[in-house]
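Numbers for residues simply follow the sequence, beginning at 1. In this text, all values refer to a predicted model and were calculated from it rather than measured experimentally.
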Amino acid sequence: MGVSGSGKSTIGIALAESLGLPFVDGDDLHPVHNKEKMAAGQPLNDEDRAPWLEIIAERIRDDLASGTPIVVACSALKRRYRDQLVRLAPSTVLIHLVGDRALIAARQAGRNHEYMPNSLLDSQFAALEPLEADEHAFEVSLDQTPEQILAEIHTRLSALTGDPISAATHTEESA
Ligand SMILES: Nc1ncnc2c1ncn2[C@@H]1O[C@H](COP(=O)(O)OP(=O)(O)OP(=O)(O)O)[C@@H](O)[C@H]1O
Ligand SMILES: O=C(O)[C@H](O)[C@@H](O)[C@H](O)[C@H](O)CO
């Protein structure tokens, strides 16, 4: 999770590959109305996001129920959005890519997004609610290379879930 440009897709794809799990980009699950609204330079509101978050929550639940956990990139800016996402799959781990606005803006400038204008970054920060202590989650600084972020995520995931698979995967990966 994180604001636009924080690295959700980049890190999500790499994390999924390192864990041998499917990756789902939440951006692909937005209704057309949401994409058109953002492309027009308007930030989404709670009503826009609710059905989109429900689609993602059901996808997480359904894939987990079929035996395949997935890695998902989703802004998940507010605490109630995250509660909606994990409601159907409480074992979900939320990973917040955190960093300062200037660095994120610089990264946004370096890419062309399908629909998201860089001008909406301030609205993303305005909506962002930091993780709270009772969330099954952790923060990772985005001011690192993708490789460093991935290594930290593996370490933190193993500590949080006690899942040797993550550690084993990391060991295999670094071998
Ligand atoms: N750790 C990193 N170091 C350097 N560049 C990065 C890093 N992570 C991502 N980037 C670059 O920053 C830009 C934004 O990354 P990415 O698209 O993954 O962010 P995002 O959170 O998915 O954005 P959005 O939500 O708008 O789709 C891309 O050009 C990507 O290559
Ligand atoms: O919650 C939101 O406002 C949206 O999901 C945005 O975050 C964009 O879809 C995503 O960042 C792609 O740029």
Side-chain angles (χ1 to χ4, degrees), residues 1-16 19 21-101 104-105 107-108 111-142 149 153 156-157 160-161:
M1 59 166 279
V3 299
S4 178
S6 57
K8 299 185 296 296
S9 301
T10 302
I11 302 304
I13 290 167
L15 178 61
L19 293 173
L21 296 176
F23 172 72
V24 173
D25 199 326
D27 288 354
D28 298 337
L29 301 178
H30 270 302
V32 172
H33 163 268
N34 284 3
K35 294 186 179 181
E36 290 172 347
K37 185 170 183 180
M38 288 182 278
Q42 296 175 44
L44 301 183
N45 57 35
D46 294 346
E47 292 69 35
D48 296 321
R49 295 189 177 110
W52 167 63
L53 293 165
E54 198 60 23
I55 290 168
I56 297 176
E58 290 171 0
R59 179 68 183 273
I60 294 170
R61 175 202 59 197
D62 295 348
D63 285 35
L64 194 58
S66 67
T68 309
I70 58 177
V71 175
V72 179
C74 173
S75 42
L77 298 172
K78 296 183 181 180
R79 170 62 195 261
R80 60 179 175 281
Y81 297 165
R82 301 192 289 268
D83 289 346
Q84 182 177 354
L85 283 175
V86 305
R87 185 183 88 255
L88 303 177
S91 63
T92 299
V93 177
L94 295 154
I95 303 169
H96 184 189
L97 294 168
V98 296
D100 68 43
R101 188 197 176 290
I104 294 172
R107 291 189 179 163
Q108 269 196 324
R111 62 101 199 255
N112 291 315
H113 194 277
E114 176 198 347
Y115 57 76
M116 189 73 170
N118 298 344
S119 60
L120 287 183
L121 184 58
D122 286 336
S123 70
Q124 294 273 295
F125 273 104
L128 180 63
E129 296 171 359
L131 291 175
E132 297 179 17
D134 65 323
E135 295 186 79
H136 195 218
F138 56 85
E139 288 183 353
V140 177
S141 168
L142 54 82
I149 292 172
I153 289 175
R156 303 286 295 277
L157 268 182
L160 188 67
T161 63

Chemist: Going by heavy atoms in the side chains, are Met38 and Asn34 under 4.5 Å from each other?
Modeler: yes

Chemist: My understanding is that only residues two or more places apart in sequence, or in another chain, count here; which of them pass salt bridge (Lys or Arg N to Asp or Glu O under 4.0 Å) with Glu36?
Modeler: none

Chemist: Taking only residues two or more places apart in sequence or in another chain, which ones pass salt bridge (Lys or Arg N to Asp or Glu O under 4.0 Å) with Asp63?
Modeler: Arg59

Chemist: Taking all heavy atoms of Ser141 and all of Ile149, pick out the closest pair and write down the distance.
Modeler: O-CG1, 3.7 Å

Chemist: Check the pair Ser4 / Leu120 against side-chain contact (heavy atoms from CB on, under 4.5 Å), numbers first and verdict last.
Modeler: CA-CA 8 Å; Ser4 178; Leu120 287 183; over 6 Å; no

Chemist: Can you sort out the partners of Arg111 under salt bridge (Lys or Arg N to Asp or Glu O under 4.0 Å), two or more places apart, ordered by chain and number?
Modeler: none

Chemist: Kindly compute the distance separating OG (Ser9) from CG (Asp25), expressed to the nearest 0.5 Å.
Modeler: 3.5 Å

Chemist: Any side-chain heavy atom of Lys37 sitting closer than 4.5 Å to one from Asn45?
Modeler: yes

Chemist: Answer yes or no: is there a donor N or O on one side and an acceptor on the other, between the side chain of Lys8 and the main chain of Ser75, under 3.5 Å?
Modeler: no

Chemist: Which residues pass the ring pair (Phe, Tyr, Trp, His ring centres under 6.0 Å) test with His33, sequence neighbours left out?
Modeler: none

Chemist: Using side chain to side chain contact (heavy atoms under 4.5 Å, CB included) as the criterion, list what pairs up with Ala57, not counting sequence neighbours.
Modeler: Leu88

Chemist: Can you list everything that forms a side chain to side chain contact (heavy atoms under 4.5 Å, CB included) with Ala105? Sequence neighbours excluded, please.
Modeler: Arg101, Leu121

Chemist: Find the distance between CG (Leu160) and CG (Leu94) and round it off to the nearest 0.5 Å.
Modeler: 10.0 Å

Chemist: With side chains defined as the heavy atoms from C-beta onward, is the minimum distance between Met116 and Asp27 less than 4.5 Å?
Modeler: no

Chemist: Give the minimum heavy-atom separation between Leu142 and Ser6, together with the two atoms involved.
Modeler: CD2-O, 3.6 Å

Chemist: Please report the interatomic distance CD1(Ile70) to CD1(Ile60), rounded to the nearest 0.5 Å.
Modeler: 5.5 Å

Chemist: Does any N or O in the side chain of Thr10 come within less than 3.5 Å of the main-chain N or O of Gly7, such that one atom is a donor and the other an acceptor?
Modeler: no

Chemist: With the threshold set at 4.0 Å, does a side-chain nitrogen-carboxylate oxygen contact exist between Arg156 and Glu139?
Modeler: no

Chemist: Kindly indicate whether the side chain of His136, heavy atoms from C-beta on, has any atom under 4.5 Å from the side chain of Pro90.
Modeler: no

Chemist: Hey, could you give me each pair passing ring pair (Phe, Tyr, Trp, His ring centres under 6.0 Å) that has a residue in residues 41-67? Not counting sequence neighbours.
Modeler: His30-Trp52

Chemist: Check Gly41 against Pro117 and note the closest heavy-atom contact, atom names and distance.
Modeler: CA-CG, 4.1 Å

Chemist: According to salt bridge (Lys or Arg N to Asp or Glu O under 4.0 Å), who are the partners of Arg61, at least two apart in sequence or on a separate chain?
Modeler: none

Chemist: At what distance, to the nearest 0.5 angstrom, does CD1 of Ile11 lie from CZ of Phe23?
Modeler: 10.5 Å

Chemist: Please list all pairs passing the side chain to side chain donor-acceptor pair (under 3.5 Å) test where one or both residues lie in residues 125-134, with sequence neighbours left out.
Modeler: Arg79-Glu132, Arg79-Asp134

Chemist: Test of understanding: with side chain to side chain donor-acceptor pair (under 3.5 Å), list the residues that count as partners of Glu58, not counting sequence neighbours.
Modeler: none

Chemist: Calculate, to the nearest 0.5 Å, the distance between atoms CD1 and CG belonging to Ile104 and Asn118 respectively.
Modeler: 12.0 Å

Chemist: How about Glu135 and His96: do any of their side-chain heavy atoms sit closer than 4.5 Å?
Modeler: no

Chemist: Which pairs, with at least one residue in residues 65-94 and sequence neighbours excluded, count as a ring pair (Phe, Tyr, Trp, His ring centres under 6.0 Å)?
Modeler: none

Chemist: Among residues at least two apart in sequence or on other chains, which ones pass side chain to side chain donor-acceptor pair (under 3.5 Å) with Arg107?
Modeler: none

Chemist: Is Leu15 close to Ile95 at the side-chain level, that is, under 4.5 Å between some pair of heavy atoms?
Modeler: yes

Chemist: Measure across Leu29 and Val24 and return the closest heavy-atom pair with its distance rounded to 0.1 Å.
Modeler: CD1-CG1, 3.9 Å

Chemist: How far apart are the closest heavy atoms of Phe138 and Ile153, and which atoms are they?
Modeler: CZ-O, 4.1 Å

Chemist: Is there side-chain contact between Arg49 and Leu77, with heavy atoms separated by less than 4.5 Å?
Modeler: yes

Chemist: Measure the shortest side-chain to side-chain distance between Cys74 and Leu85 over non-hydrogen atoms and say whether it is less than 4.5 angstrom.
Modeler: yes

Chemist: Measure the spacing between CG of Leu131 and CE of Met1 and express it to the nearest 0.5 Å.
Modeler: 5.0 Å

